[in-house]
Protein chains: 2
Amino acid sequence: MSSQKMLTRNQFLVLDVLKEGEKPLSAYDILDRLRGEGLRAPLQIYRALSALIGRGHAHRLESLNAFVACAGKECHKSGLAAFAICEACGQANEFSDFVLRQRLEGWAEREGFRTSHSVVEMHGTCGACVIRS
Amino acid sequence: MSSQKMLTRNQFLVLDVLKEGEKPLSAYDILDRLRGEGLRAPLQIYRALSALIGRGHAHRLESLNAFVACAGKECHKSGLAAFAICEACGQANEFSDFVLRQRLEGWAEREGFRTSHSVVEMHGTCGACVIRS
DNA sequence: TTCTGTTATGTTATTTTATAACGGACTCAA
DNA sequence: TTGAGTCCGTTATAAAATAACATAACAGAA
Ligand SMILES: [Zn+2]
Ligand SMILES: [Zn+2]
Ligand SMILES: [Zn+2]
Ligand SMILES: [Zn+2]
């Protein structure tokens with residue numbers, strides 16, 4: 001089962017930056033970190049991001065206008081990636097929760113709503129930062 | 001108990017436009033509809049929106065960069081407003097779900113995460129548009 | 001009253017985020 | 001070898017949000 005299509009050079013570079021980054025990065029942040037590799041235009045980044053997100057290698061955080069590498073084990077299986085975003089340290093913690101997904105799908109089914117994608121993003125202060133404060 | 005502080009003129013105008021609008025509106029959409037009332041700058045809209053959101057009169061849809069008047073009965077009581085956004089007709093349906101909120105708070109509690117605000121936005125096709133297609 | 005802190009306002013300029021529109025290079029199969 | 005598909009790179013532009021600055025309006029304290 002090698003339906004894993006190869007990543008292009010730009011896609012690989014962008015994904016690598018996301019994996020290195022400890023925090024969500026904006027497209028322009030990513031661009032700045034890849035100027036050394038010859039990338040110059042925002043569109044190069046956005047195109048790579050679209051492809052990566054389409055294949056499940058990365059996620060877009062809607063409430064931050066930023067992007068992260070996928071860190072979930074089951075986010076494809078469960079079909080829903082949720083995030084807890086710390087406003088103090090900036091880190092985003094990806095998790096997935098079957099009940100959560102079930103609950104949303106239940107609502108959708110009752111209402112005849114056909115879901116294509118769900119956004120779940122909690123904002124607040126992470127455990128480490130709570131202690132530190 | 002008249003702790004209901006008065007809305008300012010700009011806040012009232014913006015909220016009124018949101019209530020009239022059948023769909024989520026961007027700040028610039030709102031501005032365009034209020035030029036007749038003498039509003040000229042985006043900041044006037046953003047300031048009014050911030051105040052309205054702070055008081056629970058309106059919500060921001062993170063995945064659309066757009067705003068809606070609050071249509072929920074219990075979204076303050078339940079502390080969580082969720083939205084189902086139709087990509088066909090553009091309408092956003094606000095709902096609230098206690099189990100959903102409970103589930104998110106449960107995760108947060110286990111992880112020591114202190115939540116300040118949660119974003120739940122489903123994208124897809126609403127019942128009416130599914131039938132129509 | 002006058003002073004003073006707070007809140008709301010208005011305006012201009014700028015930053016940040018995202019896309020449109022164009023053309024070239026390459027692969028693969030018909 | 002031609003045509004479809006995909007990726008690439010560039011320039012220009014649109015869309016969303018904020019910075020910086022200056023003024024007005026007002027309530028409470030002195
Ligand atoms: Zn994931
Ligand atoms: Zn933190
Ligand atoms: Zn509401
Ligand atoms: Zn619809």
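The shown structure was predicted, so the numbers you read here are calculated from the model rather than taken from an experiment. Quick note on labels: first sequence line is chain A, next is B, and so on, each numbered from 1.
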| note | Per-nt protein contacts along nucleotides 21-27 of chain D (heavy atom under 4.0 Å; B base, S backbone sugar-phosphate only, - none) come out as -------
| How many Å lie between CG on B:Leu43 and P on C:dT9, as a whole number? | 11 Å
| Atom CG of B:Leu64 and atom P of D:dA17: how far apart are they, to the nearest Å? | 11 Å
| remark: Result for 5'-nearest mapping on DNA chain C, choosing between A:Arg60 and B:Arg9, is B:Arg9
| task | Evaluate whether atom CZ of A:Arg114 has more than 12 neighbouring non-hydrogen atoms of other residues, nucleotides or ligands under 6.0 angstrom away. | result | no
| request: For B:Ile45 and D:dT18, give me the distance from atom CD1 to atom C1', rounded to whole Å. | output: 15 Å
| Is it true that A:Arg103 and A:Glu105 have a side-chain N and a carboxylate O under 4.0 angstrom from each other? | no
| Taking the six-membered ring for Trp, are A:Trp107 and B:Phe95 parallel (under 30°), tilted (30 to 60°) or perpendicular (over 60°)? | parallel
| message | Output the rounded distance in Å from CD1 (B:Ile30) to C1' (D:dA15). | response | 14 Å
| Shortest non-hydrogen contact from B:Asp97 toward B:Leu100 | OD1-N, 2.9 Å
| Of the listed nucleotides C:dG10, C:dA18, D:dT18, the one nearest the side chain of A:Phe67 | C:dA18
| query | What is the nucleic acid contact for A:Ala41, judged by heavy atoms within less than 4.0 Å: base, sugar-phosphate only, or nothing? | reply | base
| Would you call A:Glu37 and A:Arg35 a salt bridge, taking side-chain N to carboxylate O under 4.0 Å as the test? | no
| request: Please report the closest heavy-atom contact between A:Ile45 and A:Ala27, naming both atoms and the distance. | output: CG2-O, 3.7 Å
| said: Is there a path of hydrophobic side-chain contacts, each under 4.5 Å between heavy atoms, that joins A:Phe113 and A:Val119? | reply: no
| note | Here the distance between atom P of C:dA18 and atom CG of A:Asp29, to the nearest Å, is 11 Å
| task | Look at the side chain of B:Tyr28 and the base of D:dA16, then say whether one donor and one acceptor between them are separated by less than 3.5 Å. | result | yes
| Could you state the CD-C1' distance from A:Glu62 to D:dA17, rounded to the nearest angstrom? | 16 Å
| Euclidean distance, atom OH of residue A:Tyr46 to atom P of C:dT16 [Å, nearest integer] | 12 Å
| message | Any side-chain N or O of B:Thr8 below 4.0 angstrom from OP1/OP2 of C:dA8? | response | no
| B:Asn65 side chain near D:dA15 phosphate (N/O to OP1/OP2, under 4.0 Å) | no
| field | Separation of atom CZ in A:Arg35 from atom P in D:dG9, rounded to whole Å | value | 14 Å
